[in-house]
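Some notes on the structure that comes next.
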2 protein chains.
Amino acid sequence: MTEPRWLDEHEKAAWIAFLSATNLVNRRLEQQLKDDAGLSHTQYEVLVQLNAADGGALRMTELADRLVTSKSGLTYQITQLERAGLVFRRSCPSDVRGVFAEITDQGREMLRLAAPGHVEAVRHALIDVLSPDQLAHIAEGLGEVARRLRS
Amino acid sequence: MTEPRWLDEHEKAAWIAFLSATNLVNRRLEQQLKDDAGLSHTQYEVLVQLNAADGGALRMTELADRLVTSKSGLTYQITQLERAGLVFRRSCPSDVRGVFAEITDQGREMLRLAAPGHVEAVRHALIDVLSPDQLAHIAEGLGEVARRLRS
DNA sequence: ACACCGTGTTTCAAATTTGAACAACAGAGT
DNA sequence: ACTCTGTTGTTCAAATTTGAAACACGGTGT
């Protein structure tokens with residue numbers, strides 16, 4: 001068993017910063033959305049994705065992939081959003097197994113109301129903290145990280 | 001009500017990369033630790049913190065702050081780790097209310113066994129994907145993000 | 001000594017998340 | 001048509017997470 005390649009000082013600093021920042025940012029945004037709009041971050045992202053999607057609808061699996069969540073977790077959240085009238089299920093014409101989640105007018109309205117506060121929170125927690133240069137580096141680096149992990 | 005400062009193209013790209021990468025990395029590491037060591041990421045981080053701490057022990061609140069988790073959540077996880085024999089509780093001499101979580105020899109051994117695979121996974125998911133330059137930018141940027149959110 | 005406010009931890013119920021098992025179907029190859 | 005293999009979405013039980021409330025105590029000011 002060969003000695004593992006431990007993280008050097010710089011790598012460890014980057015890893016700790018990554019861990020802390022991601023946890024703190026997520027926690028902050030979760031709280032902001034819950035307080036201001038009564039939505040979880042996952043639910044908010046569902047609405048964002050559906051709102052931006054063609055026809056305001058996406059297949060369950062496609063949506064789960066985009067949100068990086070489990071399929072069963074999405075089933076639960078869509079049920080919650082359906083109860084709240086922000087989303088509804090519609091079966092897929094071309095595939096009997098398939099289910100579309102589609103955003104309702106009320107869902108779009110909820111997004112309109114929640115978005116400004118959320119964007120402000122994202123700015124305050126992350127975007128406005130970084131210089132344009134730092135932001136570009138992070139976009140490129142983390143973009144590559146995400147790309148590779150989707151294989 | 002003034003128009004919110006929406007994210008421009010670059011900012012949005014950075015935000016999406018951040019969201020995707022953090023979710024994917026967390027999910028990957030969670031899975032690796034569970035498969036290889038039977039630990040959740042939170043549990044692993046508890047062991048890391050205690051192992052590095054002076055005397056192998058930390059107060060509950062201090063530990064919760066470092067892990068960026070709720071105090072009740074930590075109570076639960078420490079109980080789990082205690083059952084597994086990796087950690088034990090010890091009351092604080094100077095403050096009757098206080099509780100120390102202390103790592104056991106078995107806990108240190110578990111860490112020794114789990115660390116190599118975990119480091120390898122961290123490298124594969126994040127560190128080795130980035131150039132030293134990108135890593136430095138991310139460490140600095142996200143370090144600042146974390147620092148600000150701890151206030 | 002005493003009242004008061006703040007801190008440290010746990011308990012509790014409710015919400016969420018997960019993977020495995022399941023049921024129903026699609027699609028390719030024969 | 002038919003068998004196989006892989007997908008799709010849901011259900012289920014178990015594990016985890018959360019905030020609010022409860023509890024017990026510390027520390028300060030009077």
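Note on naming: letters A, B, ... go to the chains in the order of the sequence lines (proteins, then strands), and numbering restarts at 1 for each one. None of these values were measured; they are calculated from a predicted model.
Residue whose closest nucleotide on DNA chain D sits further toward the 5' end, between Q80(B) and K71(A): K71(A).
Separation of atoms CD (E45(B)) and NE2 (H118(B)) is listed at 6.0 Å; rounding is to 0.5 Å. Distance check: E102(A) CD to I78(A) CD1 gives 11.5 Å after rounding to the nearest 0.5 Å.
In this pair, H137(A) and H137(B) present their aromatic rings parallel. The plane angle is below 30°, not in the 30 to 60° band.
Near-neighbour residues of DNA chain C inside residues 55-64 of chain B, defined by a heavy atom below 4.0 Å, number-ordered: R59(B), M60(B), T61(B).
With salt bridges taken as basic N to acidic carboxylate O contacts below 4.0 Å, one links E109(A) and R112(A). Salt bridge status for R27(B) with E30(B): absent, with no side-chain N to carboxylate O gap under 4.0 Å. A salt bridge does not link D65(B) with R150(B): none of the charged nitrogens is closer than 4.0 Å to a carboxylate oxygen.
Rounded to an integer number of Å, the gap from CD of E30(A) to P of dA15(C) is 15 Å. As rounded to whole Å, 18 Å separates atom C1' of dA15(C) from atom NE2 of H41(A). At whole-Å resolution of the value, CG in L39(B) and C1' in dA15(D) are 14 Å apart.
Other residues, nucleotides and ligands contribute over 12 non-hydrogen atoms within 6.0 Å of the CG atom of D35(A).
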Annotated protein contacts, base or backbone, on nucleotides 17-29 of chain C with a non-hydrogen cut-off under 4.0 Å, one of B, S, - each: BBB----BBS---

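In terms of modelled atom types and a separation under 3.5 Å, the side chain of T104(B) and the main chain of G85(B) share a donor-acceptor contact.
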